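Reading through the structure tokens given below for one structure.
Just so it is clear: chains get the letters A, B, ... in the order the sequence lines come, proteins before strands, and each one is counted from 1. Note that the structure is predicted; figures quoted are calculated from it, not measured.
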2 protein chains.
Amino acid sequence: MREFYTITELTREFGVSTRTLRFYEDEGLISPVRRGRTRLFRPGDRHLIKQIMRGKRLGFSIAEIREIVQMYKEPPGEAGQMRAIVDRVEEKRAELRQKRKDIEETLAELDQVEENCLNRLAELRVAS
Amino acid sequence: MREFYTITELTREFGVSTRTLRFYEDEGLISPVRRGRTRLFRPGDRHLIKQIMRGKRLGFSIAEIREIVQMYKEPPGEAGQMRAIVDRVEEKRAELRQKRKDIEETLAELDQVEENCLNRLAELRVAS
DNA sequence: AAAAATTCTTACGTAAAAGTCAATTGCGCG
DNA sequence: CGCGCAATTGACTTTTACGTAAGAATTTTT
């Protein structure tokens with residue numbers, strides 16, 4: 001595993017622009033180290049970007065993604081804070097389960113669409 | 001089942017504004033009938049709105065949602081068009097499966113977070 | 001019938017998430 | 001050393017998905 005990645009390496013890997021990665025840094029989602037002014041991305045930053053992209057595909061806003069990745073990062077603290085995190089984890093899980101349900105329903109309806117099309121195609125073949 | 005719904009009935013049901021439903025009409029997602037200038041929403045329109053909300057929760061853009069609901073609406077046409085629809089259905093399904101995978105992965109990581117928290121809480125109880 | 005509520009159209013405003021452009025700055029190398 | 005390429009910051013622009021406000025028409029309630 002490599003120690004550092006340049007910004008353009010990661011833009012290519014994830015199909016985003018440099019502007020986007022700098023924007024995520026401004027937004028506090030990633031914190032690459034610097035050599036002079038140049039950003040150096042470590043494997044941990046790369047993994048964070050992977051998580052950000054997942055969040056984006058699921059339609060989470062930057063603010064929501066920040067909430068999620070902060071839960072991953074949160075250092076072990078005192079009991080009250082631990083319980084607060086457990087609660088927030090459960091909230092996010094509920095959201096994700098809703099999304100999964102939405103996906104199942106949409107897939108089912110698309111199955112319907114496809115079946116209708118295939119039936120129609122079969123009819124056309126008989127008619128000709 | 002009722003024949004018509006007013007716009008505010010549906011805004012309440014779906015938790016959106018009248019502006020939003022009118023916007024969706026402008027965007028060609030729904031086409032309520034009119035009595036004079038007033039919109040009357042039929043059960044079919046209501047179901048469409050349900051599908052739109054699902055698409056929104058999944059992070060699809062209006063343009064993508066339009067593509068999806070147009071597949072539902074497309075009237076049986078000729079063979080070439082049927083096959084084109086089948087292809088587009090398969091594309092959307094691939095997208096949805098990706099999203100589902102993203103959800104599973106995020107859920108797994110949240111499980112990790114929770115487990116860490118619970119372990120930490122157990123430790124705190126022992127230490128005290 | 002008058003008042004109140006709902007709906008309509010039109011138009012301008014805005015927040016989020018980048019895109020685009022300009023003007024540097026630093027690095028490897030022939 | 002000078003060239004070119006990659007990286008940086010900063011500012012302005014764009015797109016999407018509505019919000020908001022104004023003013024007129026219609027419908028409903030009292």
So, is [X] near the phosphate of [N], with a side-chain N or O under 4.0 Å from OP1 or OP2?
X       : N      : value
A/Arg39 : D/dT8  : yes
A/Thr20 : C/dG19 : yes
A/Lys56 : C/dA17 : no
A/Ser61 : C/dA16 : no
B/Thr8  : C/dT7  : yes
B/Tyr24 : D/dC18 : yes
B/Arg34 : C/dT9  : yes
B/Thr6  : C/dT7  : yes

Handout entry: CZ (A/Arg34) with more than 12 external heavy atoms under 6.0 Å
Key =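 Atom CZ in A/Arg34 is packed in, count exceeds 12.
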Rounded off to whole Å, could you give me the [atom1]-to-[atom2] distance for the [X] and [N] pair?
X       : N      : atom1 : atom2 : result
B/Leu10 : C/dT6  : CG    : C1'   : 14 Å
B/Glu27 : D/dA17 : CD    : P     : 7 Å
A/Arg22 : C/dA18 : CZ    : C1'   : 13 Å
B/Phe41 : C/dT7  : CZ    : C1'   : 11 Å
A/Asp26 : C/dA16 : CG    : P     : 14 Å
A/Met53 : C/dA18 : CE    : C1'   : 11 Å
A/Ile7  : D/dC5  : CD1   : C1'   : 15 Å
B/Phe23 : C/dT10 : CZ    : C1'   : 16 Å

Of all the nucleotides listed ([options]), which has the minimum atom distance to the side chain of [X]?
X       : options               : answer
A/Ser17 : D/dT8, C/dG19, C/dT9  : C/dG19
B/Ile62 : D/dA17, C/dG19, C/dT7 : D/dA17
A/Arg37 : C/dT9, D/dC18, C/dT25 : C/dT25

Problem - Sole residue of A/Arg54, A/Arg57, A/Lys50 in salt bridge (charged side-chain N to carboxylate O under 4.0 Å, His left out) with B/Glu105 - result: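 Testing B/Glu105 for a salt bridge (charged side-chain N to carboxylate O under 4.0 Å, His left out) against A/Arg54, A/Arg57, A/Lys50 leaves exactly one candidate, A/Arg54.
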Problem - Any donor-acceptor N or O pair under 3.5 Å, side chains A/Ser17, A/Thr20 - result: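 On atom types as modelled, these side chains qualify, holding a pair under 3.5 Å.
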Handout entry: Any side-chain donor near an acceptor of the partner, B/Asp102 and B/Gln98, under 3.5 Å
Key =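 There is such a pair (donor and acceptor under 3.5 Å, judged by atom type) between the side chains of B/Asp102 and B/Gln98.
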Exercise for the section: Indicate, yes or no, whether a donor-acceptor pair under 3.5 Å links the base of D/dT20 to the side chain of B/Arg19. Expected result: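 Check passes, donor-acceptor contact within cut-off.
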Practice task
Using modelled atom types only, decide if a donor and an acceptor are shared between the side chain of A/Arg35 and the backbone of A/Leu40 within a distance under 3.5 Å.
Solution key: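 No: the side chain of A/Arg35 does not pair with the backbone of A/Leu40.
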